[in-house]
Amino acid sequence: MDYTFSEIEKKWQDRWEKEQTFRAGDDRSKPKFYGLVEFPYPSGHGLHVGHPRSYTALDIVARKRRLEGYNVLYPIGWDAFGLPTENFAIKNHIHPKKVTADNIANFKRQLKSIGFSFDWSREINTTDEAYYKWTQWIFLQLFKRGLAYKQEMPINWCTSCKVGLANEEVVNGVCERCGSEVVQKNKSQWMLKITEYAQRLIDDLDGLDFIEKVKIQQKNWIGRSEGAEVDFAIAGTEDHVTVYTTRPDTLFGATYMVLSPEHPFVEKYKDKIANYAEAVAYREEAARKSEFERTELAKDKTGVMLDGLRAINPVNGRELPIWISDYVLMSYGTGAIMAVPAHDERDWEFAKKFGMPIIEVVAGGEDVQAAAYTDTSSGVMVNSGFLDGMQVKDAISAIIDDLEKRGIGHRKVNYKLRDWVFSRQRYWGEPIPLVWCEHCGWVPLPEEQLPLTLPEVDNYEPTDNGESPLAKMTDWVNTTCPKCGAPAKRETDTMPQWAGSSWYFLRYIDPHNSEALADKELLDYWMPVDWYNGGMEHTTLHLLYSRFWYKVLYDCGVVPTPEPYQKRTSHGMILGENNEKMSKSRGNVVNPDDIVASYGADTFRCYEMFIGAFDQATPWSANGVKGCFRFMERVWNLMELLTDEEGYSPELEGTMHKAVKKVSEDIERMKFNTAIATLMSLVNDFNRRGKVTRGELATFLLLLNPTAPHITEEMWERAGFAGLLSAASWPTYDEAKTVDDEIEMVLQINGKVRGKMTVPADISREDAQTAALANEAIVAQTTGKQIAKVIVVPGKLVNIVVK
RNA sequence: GCGGAUAUGGCGGAAUUGGCAGACGCGCUAGAUUUAGGUUCUAGUGGGCAACCCCCGUGCAGGUUCAAGUCCUGUUAUCCGCACCA
């Protein structure tokens, strides 16, 4: 009988939809499982083969959990606001709303063709008014708690298109579209105070089951460092400049100071700075560079010494020259550093280039004139007054105590994490629900006026002065102050795409609620998300942003737990056949539709899981897909080997119990490739023996079902098993039956395999040693040699050491 | 630069604790079946050797150990992220 996968898959997909097989239930007495995957951005390119890697993995987990008796929530939706849609709309004169609807329809068709067990009744879309009403509501909570504020921030500005650009749209310092120069332009932007949550975002990671690299990456991104702020007096003034340093112990080694080119002192003391014009020119040059370029260590250090401005080292009264240089960033610390070239690589390079003195203050390294001595953990202080002779650790405490006593410095914890720039000068995003009133300042819209909808207009193209396209829509912009009733203007910037995706997992719980973002009791039942899988590239932005929002909602009493995701795992990228990232320009893109059409969804799902280690990048292979298709055919042909015996036959009993154990454990560890390998071996065993019993087939179909749901349902039905396979129970195994009575032990001489012997599994050390020494192969090779030692590893091997 | 990872046959990968390196799949070779084969089945397949024995073999160089893909030291190469892409 032919394996007619397209008919079979259509049949079961229709059946599941009709019977609502995968709808999350209301039975709150059952244990719940909330599995989450990152909802897609519905781009015009359609589904990428990378999406199903994540979706199939958690689909397998979700299906297994249902078979294990859990009430499972496995939802999907659309993260539909965004730049590409807006740019496509502008270019082709189609409204972004229409573009979005078309793209979603296509994505939905594709996802359905793969047979994911999503609860489609909970589908959400971040661009729906009923959805973004609550995105706006959350923003208002942030605003009311003082976590949203306005600040001048630089944006990328294309001098020719006269439009703000995303970093991605800036390629080598020029505009991606027109090739013109891009400069940094200051604009007042809404900011969210994620830094206020920095410590909690670090601390609360401890209780979570996140893969270690995610935790490490988040911690490094937040970048907590302990150090001190120290005031350096400006010579000839009452003023001082404050620096942040993690190495206050090296204060005696400071030989100059460096300010960020944007540091306010450059303006403040422009009259004292003889070469002010040169400094301004340098600052303008720096403005053209991205932060990435500026901090690159490999590049040549540049800078300008401020002629006429000098600082005084508070510990020894020495006068220090003040420089500006672009490797010092205004956005970190205080925008000013003390330079200790002997013990900091960047300072050392700078000092070498500009002939600044290098003074050793920690002894124990090589010659500091030849290279900076930075890892000073075993060093001892020298040339440092009262610190001399101390260990670095003690010196840090001693110097800070001294500075604090004198009132010119104090301990300070800094975070690399910066506040979240929340404004976008774009049309296709959530409007920010605030009104500017001359009398009252920024006034939030009353909650009953939400959602503040995006005006439906024909012209959503960028303005030529850097304002959002909404700024041109005067009917919409001009309003009255909700507080005093005077004429007022709406905020015209919109929210970034991150907004809608920062809380979407909450909406799935109660997607149609018009009174709250979700019902409290339902939140109590379903939260936290039990298992969230997504890409590593989201670790430092989306994952951190959504943890931040969730914590704010927790502080507001809206959600029941301090953390949203109990478990976070991550999948590797699928590369093109040539081992490069898939992209249109490289011509190595694989379309999921083609695979489903040629081989079926089950083969596609199976291959996506068999392709390689789940957490690692792997190239696509057309031949690999064929291999999985052959596996499906061999599975299908098992029907011809089916006998009417119930249960497992004795010769395969151990194999069956081992397979159940292996597949069950492998799915939990996301070792999908080895789970499938086990199932392939099982089919080989059935074929080798020329039959499969009903009991064996039933177990096999259950184990394969999460991976290949259609073919297994069909075979389940044809074999006459009761009900839907999706409603059956996951098989169990007997640990005792996974252990063999007899095992093969390896015999080694000096660590090299020289023979094998079959012995009872529970053989004692002594018996194993005796049997090994009596073994023919061993006797032959040990005769005439002296046995120095015999090592027995029970159940594994005997190693005989001879001289 | 900072941060995160990876390196095993011709290829994707396997090897939960240090204990038979190469499971499973692809590809390849030979044979069988088939009107045909880009179908299916059987056997073989890390390298060296005619062959058993044996020797070599997990990026590279050292080390620890009865035993190292796995642990330690050093080193090289590649990939991913870097805050307005999602």
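Residue numbers start from 1 in every chain, and the chains themselves are labelled A, B, ... in the order their sequence lines are given, proteins ahead of strands.
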Separation between the [atom1] atoms of [N] and [M], rounded to whole Å:
{"N": "G47(B)", "M": "U58(B)", "atom1": "C1'", "answer": "14 Å"}
{"N": "A30(B)", "M": "A7(B)", "atom1": "C1'", "answer": "34 Å"}
{"N": "G18(B)", "M": "G13(B)", "atom1": "P", "answer": "24 Å"}
{"N": "C85(B)", "M": "A15(B)", "atom1": "P", "answer": "38 Å"}
{"N": "G48(B)", "M": "G63(B)", "atom1": "P", "answer": "29 Å"}
{"N": "U8(B)", "M": "G4(B)", "atom1": "P", "answer": "22 Å"}
{"N": "A23(B)", "M": "U45(B)", "atom1": "C1'", "answer": "15 Å"}
{"N": "U33(B)", "M": "G25(B)", "atom1": "P", "answer": "25 Å"}

Between [N] atom [atom2] and [X] atom [atom1], what is the distance in whole Å?
{"X": "E537(A)", "N": "A5(B)", "atom1": "CD", "atom2": "P", "result": "16 Å"}
{"X": "I749(A)", "N": "C54(B)", "atom1": "CD1", "atom2": "P", "result": "9 Å"}
{"X": "L417(A)", "N": "G81(B)", "atom1": "CG", "atom2": "P", "result": "20 Å"}
{"X": "N220(A)", "N": "G81(B)", "atom1": "CG", "atom2": "P", "result": "17 Å"}
{"X": "M573(A)", "N": "G4(B)", "atom1": "CE", "atom2": "C1'", "result": "13 Å"}
{"X": "W157(A)", "N": "C84(B)", "atom1": "CH2", "atom2": "P", "result": "18 Å"}
{"X": "K662(A)", "N": "U16(B)", "atom1": "NZ", "atom2": "P", "result": "9 Å"}
{"X": "K658(A)", "N": "A23(B)", "atom1": "NZ", "atom2": "C1'", "result": "14 Å"}

I want to check one thing: is the phosphate of [N], taken as OP1 and OP2, less than 4.0 Å away from some side-chain N or O of [X]?
{"X": "R754(A)", "N": "A67(B)", "answer": "no"}
{"X": "R630(A)", "N": "C26(B)", "answer": "yes"}
{"X": "K796(A)", "N": "A15(B)", "answer": "no"}
{"X": "K661(A)", "N": "U16(B)", "answer": "no"}
{"X": "K789(A)", "N": "C66(B)", "answer": "yes"}
{"X": "N673(A)", "N": "A14(B)", "answer": "yes"}
{"X": "R424(A)", "N": "C84(B)", "answer": "yes"}

Base, sugar-phosphate, or nothing for [X], non-hydrogen atoms under 4.0 angstrom?
{"X": "E38(A)", "value": "nothing"}
{"X": "S423(A)", "value": "base"}
{"X": "V801(A)", "value": "sugar-phosphate"}
{"X": "D615(A)", "value": "nothing"}
{"X": "I791(A)", "value": "base"}
{"X": "Y41(A)", "value": "sugar-phosphate"}
{"X": "N579(A)", "value": "nothing"}
{"X": "K626(A)", "value": "nothing"}
{"X": "L797(A)", "value": "base"}
{"X": "E577(A)", "value": "nothing"}
{"X": "H542(A)", "value": "nothing"}

Any strand: nucleotide that pairs with [N] via Watson-Crick or wobble, under 3.5 Å:
{"N": "C24(B)", "answer": "G12(B)"}
{"N": "A61(B)", "answer": "U73(B)"}
{"N": "A50(B)", "answer": "none"}
{"N": "C41(B)", "answer": "G31(B)"}
{"N": "A36(B)", "answer": "none"}
{"N": "G19(B)", "answer": "C66(B)"}
{"N": "C84(B)", "answer": "none"}

Item to complete: Specify whether Y504(A) and H542(A) have parallel, tilted or perpendicular ring planes, treating 30° as the upper limit for parallel and 60° as the lower limit for perpendicular.
Response: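 Taking H542(A) first and then Y504(A), their aromatic rings sit tilted (interplane angle of 30° to 60°).
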Worksheet item: In terms of the angle between their ring planes, are F604(A) and W620(A) parallel, tilted or perpendicular, with boundaries placed at 30° and 60°?
Response: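 F604(A) and W620(A): tilted rings.
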Worksheet item: Is the side chain of S583(A) donor-acceptor paired with the backbone N or O of R586(A) at a distance under 3.5 Å, no angle test?
Response: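 Yes, because the side chain of S583(A) sits within donor-acceptor range (under 3.5 Å) of the backbone of R586(A).
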Discussion item. Can you confirm whether or not the ring centre of F422(A) sits under 6.0 Å from the ring centre of W498(A)?
Written reply: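 Distance test on ring centres: not under 6.0 Å, no.
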Worksheet item: Are Y327(A) and F350(A) near enough that their ring centres are under 6.0 Å apart?
Response: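 Yes; F350(A) has its ring centre under 6.0 Å from that of Y327(A).
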Fill in: 5' priority, RNA chain B, between S681(A) and Q616(A) [closest heavy atom]
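Per heavy-atom nearest nucleotide, the more 5' residue is Q616(A).
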Item to complete: By nearest nucleotide on RNA chain B, pick out whichever of Y607(A) and K671(A) is the more 5' one.
Response: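 Going by which nucleotide is closer to the 5' end, it is Y607(A).
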Check every atom of [options] against the side chain of [X] and return the nucleotide holding the closest atom.
{"X": "I155(A)", "options": "C24(B), C84(B), A14(B)", "value": "C84(B)"}
{"X": "T618(A)", "options": "G13(B), G4(B), C84(B)", "value": "G13(B)"}
{"X": "V746(A)", "options": "A83(B), U16(B), C20(B)", "value": "C20(B)"}

Worksheet item: Under the rule syn = chi within 90° of 0, otherwise anti, which is G9(B)?
Response: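 Syn conformation for G9(B).
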Fill in: Pair K658(A) + D740(A): basic N to acidic O under 4.0 Å
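Yes, K658(A) and D740(A) are salt-bridged.
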Worksheet item: Thinking salt bridges, do E38(A) and R568(A) make one under a 4.0 Å N-O criterion?
Response: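 Yes, charged N to carboxylate O under 4.0 Å.
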Practice prompt. Evaluate the side-chain proximity of I574(A) to T618(A): yes if any heavy-atom separation is below 4.5 Å, no if none is.
Written response: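 No, every pair of side-chain atoms sits at 4.5 Å or beyond.
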Polar pair under 3.5 Å, donor/acceptor by atom type, side chain [X], base [N]:
{"X": "Q748(A)", "N": "C20(B)", "value": "no"}
{"X": "K581(A)", "N": "C80(B)", "value": "no"}
{"X": "N623(A)", "N": "C26(B)", "value": "no"}

Practice prompt. Would you kindly say whether D615(A) and H571(A) are connected by a side-chain donor-acceptor distance under 3.5 Å?
Written response: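 Checked: D615(A)/H571(A) side chains show no N/O donor-acceptor pair below 3.5 Å.
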Worksheet entry | ring-ring contact (aromatic ring centres under 6.0 Å, His included) assessment of W420(A) paired with Y545(A) | CA-CA 8 Å; W420(A) 175 3; Y545(A) 289 154; 3.7 Å; yes
